[in-house]
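Input: a single structure, listed below in structure tokens.
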2 protein chains.
Amino acid sequence: MSLTAIKYHRRMGRWEPNAQGRLVQAALELYVERGFEQTTVAEIAKRAGLTERTFFRYFADKREVLFWGAGALQDLLVSTVANGPESEAPIATIRSAIEAAGSVFQERREGALQRQSVITLNPELQERELTKLASLAAAMAGELRRRGVAEPNARLSAEAGIAVLKIAFESWVNDKGEKDLPQLIRETFDRLKAATAG
Amino acid sequence: MSLTAIKYHRRMGRWEPNAQGRLVQAALELYVERGFEQTTVAEIAKRAGLTERTFFRYFADKREVLFWGAGALQDLLVSTVANGPESEAPIATIRSAIEAAGSVFQERREGALQRQSVITLNPELQERELTKLASLAAAMAGELRRRGVAEPNARLSAEAGIAVLKIAFESWVNDKGEKDLPQLIRETFDRLKAATAG
């Protein structure tokens with residue numbers, strides 16, 4: 001450990017291996033067992049074997065435990081759009097980005113399913129989730145525009161992608177994550193194409 | 001006035017001609033002039049020449065003034081879907097419903113533009129608007145299912161329709177309502193079809 005790192009950890013308190021991951025897992029378990037409203041930060045910290053102070057080092061409140069991954073998800077979507085071949089149709093670029101997001105959810109299947117079951121039961125969390133999805137669409141549309149895609153095509157492609165993600169994710173959840181989510185996403189894009197063709 | 005109506009109005013207080021419309025107009029003016037947060041119910045009632053008691057006969061709070069039309073809009077969308085020809089593709093039925101909604105906004109152009117300018121400035125109102133749009137998509141998808149459209153096609157068609165409404169509405173607002181909204185909606189559906197075809 002470097003001197004800087006030692007100073008950092010002295011200042012921040014005792015170092016705990018994978019504290020953030022343990023807090024997320026403990027919180028999801030408690031939200032599923034007792035309900036989101038009924039769970040306190042003290043209980044989450046206790047279940048994770050950590051202190052409340054450690055919790056607040058990572059999360060502003062118990063709601064943020066459910067949304068802390070949104071930044072990384074947006075980075076993944078935007079960078080996938082940014083790295084798509086120039087010659088590709090915008091909807092194909094968006095499809096690659098949504099598939100990449102689907103692979104991440106598939107890898108973290110259990111946590112993604114627990115999280116969804118908590119959000120489904122709470123209208124305030126649902127509103128927050130819709131806002132997050134709208135931000136993801138706006139971020140992808142912005143990256144498409146930067147690549148020279150004109151409006152309204154940039155927004156239409158991005159919004160279509162988020163609609164596909166919502167619907168594919170929902171059928172994945174209804175199926176308890178048994179199907180392959182990237183595959184469901186590809187099928188749903190094909191169905192959207194067929195549906196809009198009329 | 002019938003005896004029942006007289007009793008009703010005695011119980012509810014003095015009858016005011018078009019009180020609801022006057023309150024909506026006064027509220028929108030004040031929200032635009034002073035901002036949503038800075039406006040009180042007392043000020044809205046005063047501007048409309050009515051009492052606070054009359055305000056609360058129509059609206060639970062000042063936020064509801066912006067969303068009271070959501071029920072009528074949902075009825076319009078769902079009934080248009082319900083009355084579409086049986087032989088029609090689901091996306092065509094959804095298109096008719098979204099066009100019908102566009103006609104209503106076009107007729108009430110000034111109020112629709114004022115309302116949008118207020119919502120754009122307030123994150124909490126934006127969240128509420130996204131939730132309302134999600135409910136409208138869910139209601140149309142439900143009506144399509146009732147007509148025998150299978151999932152995920154029902155939800156895909158309904159979500160695509162709401163995405164078109166959002167995007168067409170936004171460009172109508174950016175253009176200060178100068179263009180014809182139903183026409184913009186038709187063009188945006190055609191662009192969605194072209195975009196998803198890739």
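In what follows, chains are A, B, ... by sequence order, proteins preceding strands, each numbered from 1.
Put simply, A/V32 and A/V41 are part of the same group of oily side chains (I, L, V, M, F, W, Y) that touch within less than 4.5 Å, one to the next. Hydrophobic clustering (ILVMFWY, side-chain heavy atoms < 4.5 Å, transitive): A/L181 and A/V173 are in one cluster. Linking ILVMFWY residues whenever their side-chain heavy atoms come closer than 4.5 Å, directly or via other members, places B/F56 and B/L50 in the same cluster. B/I119 and B/L23 fall within the same hydrophobic cluster, where Ile, Leu, Val, Met, Phe, Trp and Tyr residues are linked whenever their side-chain heavy atoms come under 4.5 Å apart, directly or through other members. Taken together through direct or relayed side-chain contacts under 4.5 Å among Ile, Leu, Val, Met, Phe, Trp and Tyr, A/F36 and A/Y58 form part of one hydrophobic cluster.
Annotation for A/K132: atom NZ counts as buried by contact number, over 12 foreign heavy atoms lying within 6.0 Å. Atom CD of B/E151 has more than 12 neighbouring heavy atoms from other residues, nucleotides or ligands inside a 6.0 Å radius.
Interface check for chain B: of the options A/K166, A/Q126, A/E187, the most heavy-atom pairs under 4.5 Å are formed by A/K166. Between chain B and the options A/A197, A/A168, A/A137, A/A194, the largest number of non-hydrogen pairs under 4.5 Å is found for A/A197. The choice from B/I162, B/I167, B/N153, B/L192 that makes the most heavy-atom pairs within less than 4.5 Å of chain A is B/I167. Of the residues considered (A/R155, A/E159, A/E88, A/R128), A/R155 shows the highest number of contacts with chain B, using heavy-atom pairs under 4.5 Å. Counting heavy-atom pairs closer than 4.5 Å to chain B, the top-ranked of the candidates A/L133, A/T188, A/T196 is A/T196.
Taking each heavy atom of B/R191 and A/P152 in turn, the nearest pair found is NH1-CD, 2.7 Å. The shortest non-hydrogen separation linking B/L130 to A/T131 is CD1-CA, 3.7 Å.
Contacts between B/E170 and chain A at a heavy-atom distance below 4.5 Å involve the side chain alone, from C-beta outward. Both the backbone and the side chain of A/A195 come within less than 4.5 Å of a heavy atom of chain B. Using a 4.5 Å cut-off between heavy atoms, B/P90 makes no contact with chain A at all.
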